[in-house]
Colleague: 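Let me begin by handing over the structure; questions about it come next.
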Amino acid sequence: CCCLDGLRRAATLSCKLGMQNKCTTVISHLANISCSSVKRLSIHKESATVSTDNAELRVAHVLSMDAVLNVGLDVGQFEPKCWKHVFKCCAYISLLEHTKFAHSK
């Protein structure tokens with residue numbers, strides 16, 4: 001959690017100092033760590049259900065995804081490589097939303 005907090009602060013500081021081109025690696029690490037359980041989420045097409053295999057959503061990961069999305073939008077204007085990580089988080093959040101709320105209708 002301390003490492004993720006440090007990465008979030010580094011990403012925010014890079015943007016505030018105008019060093020967006022140096023921030024892609026930080027965004028990459030945050031996205032890879034916070035969206036790492038995407039491999040454990042799987043959609044079963046036959047039964048139209050989603051299995052989470054007890055994937056846990058931790059506060060530190062949610063804050064990291066928030067940092068990727070907020071800082072990634074600013075960084076993406078200057079560094080196109082960053083968009084891959086922003087879209088990865090968007091896809092992961094969409095899958096989580098589908099997983100958690102699909103059966104609550």
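Here, residue 1 is the first one in the sequence, and each next residue gets the next number.
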Colleague: Taking all non-hydrogen atoms of both residues, which atom of Val86 and which atom of Val68 are closest, and how far apart?
Modeller: CG2-O, 3.9 Å
Colleague: Could you work out, with side chain to side chain contact (heavy atoms under 4.5 Å, CB included) as the rule, every residue matching Leu13, not counting sequence neighbours?
Modeller: Leu17
Colleague: Which heavy atom of Leu73 sits nearest a heavy atom of Leu69, and at what distance?
Modeller: CG-O, 3.0 Å
Colleague: If I compare all heavy atoms of Gln20 with all of Glu79, which pair ends up nearest, and what's the gap?
Modeller: O-CB, 4.5 Å
Colleague: Who else is in the cluster with Phe78 when I, L, V, M, F, W and Y are joined by side-chain contacts under 4.5 Å?
Modeller: none
Colleague: Where do Gly76 and Trp83 come nearest, in terms of heavy atoms and distance?
Modeller: O-NE1, 3.0 Å
Colleague: Measure the CD1-CG distance between Ile33 and Leu7 for me, rounded to the nearest 0.5 Å.
Modeller: 6.0 Å
Colleague: Report, one line per pair, each donor and acceptor closer than 3.5 Å where one atom sits in a side chain of residues 24-31; sequence neighbours left out.
Modeller:
none

Colleague: Any side chain to side chain donor-acceptor pair (under 3.5 Å) pairs touching residues 64-76, not counting sequence neighbours?
Modeller: Arg8-Ser64, Asp66-Asn70
Colleague: Does Val75 share a hydrophobic cluster with Met19, counting links as ILVMFWY side-chain heavy atoms below 4.5 Å and allowing steps through other members?
Modeller: no
Colleague: Search all heavy atoms of Ser34 against all heavy atoms of His61 and return the closest pair with its distance.
Modeller: CB-O, 3.4 Å
